[in-house]
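The structure under discussion appears below in the form of structure tokens.
As a basis for the values below, the full set of heavy atoms in this structure was taken, side chains included, without hydrogen atoms, waters or symmetry mates. This is a predicted model, so every value here is computed, not measured.
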Amino acid sequence: MPELPEVEIVCQALKPVLEKSSFLKIQLNRPNLRYPFPSNLEQELVNHPITIVHRRAKYILINFSHGLTLIWHLGMSGRVIIEDLDAPSLKSGPHDHVIFMTSHNHKVTYRDPRRFGFLRLIATHQLNTLAPFSTLGPDSFGDSQLNASLFHERLQYHNIPIKRALLDQKIIAGIGNIYASEALWQAKLSPLRLTNSLTLAETGLLLKKIQDVLERAIAAGGSTLRDHVHPNGDIGYFQHFFKVYNHKDKICSRCHLFPIIKIIQGTRSTYYCNHCQK
DNA sequence: AGATGAGCCTGAAGGC
DNA sequence: TGCCTTCAGGCTCATC
């Protein structure tokens, strides 16, 4: 499922397709995903120009000219497929839950087998008052306000293992389970280190590695494990650059001495090298 | 405040 | 081949 890089890629693909366009039809093939679909979704959105498509953490936000924002989360297995209506249509699947038809002749399909994703509608000016946006931390990628000292300050409020802190969207937003492990390996920090033990220098390095790994993942088209595929059908290939994720028992590619170990932190798998991550 | 577990779902992979 | 169990990229809620 999509982490920030995969959501960013979907967002970049949706941008040229949706901005300055509008929905002509919204077909809902079931009443709900994780939550019930907003009532009157089609009536509220059809024929209203879309102004901006952007991303906040792992949420896709679609702003409309009449002051509404569609919040779109892809959950664990969500996938977006963009097709030109003039081109032959791909075969539809049993998990194609929402289909948007646009005024610029595109068909946008939202496919989500596990149905952990959701759509929500809100007045744009109220976005930051609604959970989780009201409590979301600074975006781990693309937030110019986020620097080492701010990140360090936020971590000092807690006394929890750094890996868990990276997944806490209230502390820093957008990091998922894969890239948390990868960034900690890059920064040579143990996932077990407590947040308030990190120095400013270590925090700065970690932030740099987080942003670096996210940037490289976006450039590589994201990571395709099971579900993530570009809206145009391409797969991402950043999984080939993983250093620790899914590398249990493989020798660490940095120290060449010890195998990557897997532990469970807060029900989530963590991978790291016990030798070079301190 | 922090830790833990359950729950929302399907499907792929591995063990027998 | 087939059945069973485990695990998965997210997030929220309840409980201790």
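- A:Glu3 contributes no side-chain N or O that, together with a main-chain N or O of A:Gly174, makes up a donor-acceptor pair within less than 3.5 Å.
- Contact annotation: A:His73 reaches the phosphate of C:dC11 (side-chain N/O to OP1 or OP2, under 4.0 Å).
- The separation of C:dT6 from B:dG7, taken at their P atoms, amounts to 16 Å, rounded to a whole angstrom.
- For A:His158 and B:dA1, the shortest distance from a side-chain N or O to OP1 or OP2 is not below 4.0 Å.
- Residue A:Lys163 places no side-chain N or O under 4.0 Å from the OP1 or OP2 atom of B:dA3.
- Rounded to a whole Å, the CD1 atom of A:Ile171 is 8 Å from the P atom of B:dG2.
- One can find a donor-acceptor pair under 3.5 Å joining the base of C:dA8 and the side-chain atoms of A:Arg114.
- Remark: ring of A:Phe116 does not overlap the six-membered base ring of B:dC9 in a stacked fashion, as centroids less than 5.5 Å apart with planes less than 30° apart are not both met.
- In this structure, B:dG11 forms a base pair with C:dC7, meeting either the Watson-Crick or the G-U wobble geometry with both donor-acceptor distances under 3.5 Å.
- Judged by distance alone with a 3.5 Å cut-off, no donor-acceptor contact links the side chain of A:Arg115 to the base of B:dC8.
- Within the structure, every side-chain polar atom (N or O) of A:Ser77 is placed at least 4.0 Å from both OP1 and OP2 of B:dC9.
- Counting heavy atoms of neighbouring residues, nucleotides and ligands inside a 6.0 Å radius, atom NZ of A:Lys278 exceeds 12 of them.
- For A:Phe64 and A:His48, the gap between ring centers reaches or exceeds 6.0 Å.
- Rounded to an integer number of Å, the gap from CZ of A:Arg164 to P of C:dT12 is 15 Å.
- Residue A:Pro161 is in sugar-phosphate contact alone, with no base atom involved, counting any heavy-atom pair closer than 4.0 Å across all strands shown.
- Taking atom CG of residue A:Asn177 and atom P of nucleotide C:dA8, one finds them 8 Å apart after rounding to whole Å.
- Nearest nucleotide to the side chain of A:Arg268, out of C:dG10, B:dA3, C:dT12: C:dG10.
- Contact annotation for A:Lys262: backbone-only contact, meaning every heavy-atom pair under 4.0 Å involves sugar-phosphate atoms and none involves a base.
- By the neighbour-count criterion of 12 heavy atoms within 6.0 Å, atom OH of A:Tyr35 is densely surrounded, having more than that number from other residues, nucleotides or ligands.
- The interatomic distance linking A:Leu33 (CG) with B:dC8 (C1') rounds to 11 Å, in whole Å.
- Separating the CG atom of A:Leu130 from the P atom of C:dT12 is a distance of 10 Å, rounded to the nearest angstrom.
- Looking only at atom types and distance, the side chain of A:Asn63 has a donor-acceptor partner in the side chain of A:Thr69 under 3.5 Å away.
- Between A:Tyr271 and A:Phe242, the gap from one ring centroid to the other reaches at least 6.0 Å.
- In this structure, CG of A:Leu74 is placed 16 Å from C1' of B:dT10, rounded to the nearest angstrom.
- Between the P atom of B:dA1 and the CZ atom of A:Arg154 lies a distance of 14 Å, rounded to the nearest Å.
- Within 4.0 Å of A:Asn159, counting heavy atoms only, lie sugar-phosphate atoms of the nucleic acid but no base atom.
- Atom CG of A:Asp168 is separated from atom P of C:dC13 by 14 Å (rounded to the nearest Å).
- The side chain of A:His95 contributes an N or O atom lying less than 4.0 Å from OP1 or OP2 of B:dG11.
- Closest to the side chain of A:Ile160, from the set C:dA8, B:dG7, B:dG2, is B:dG2.
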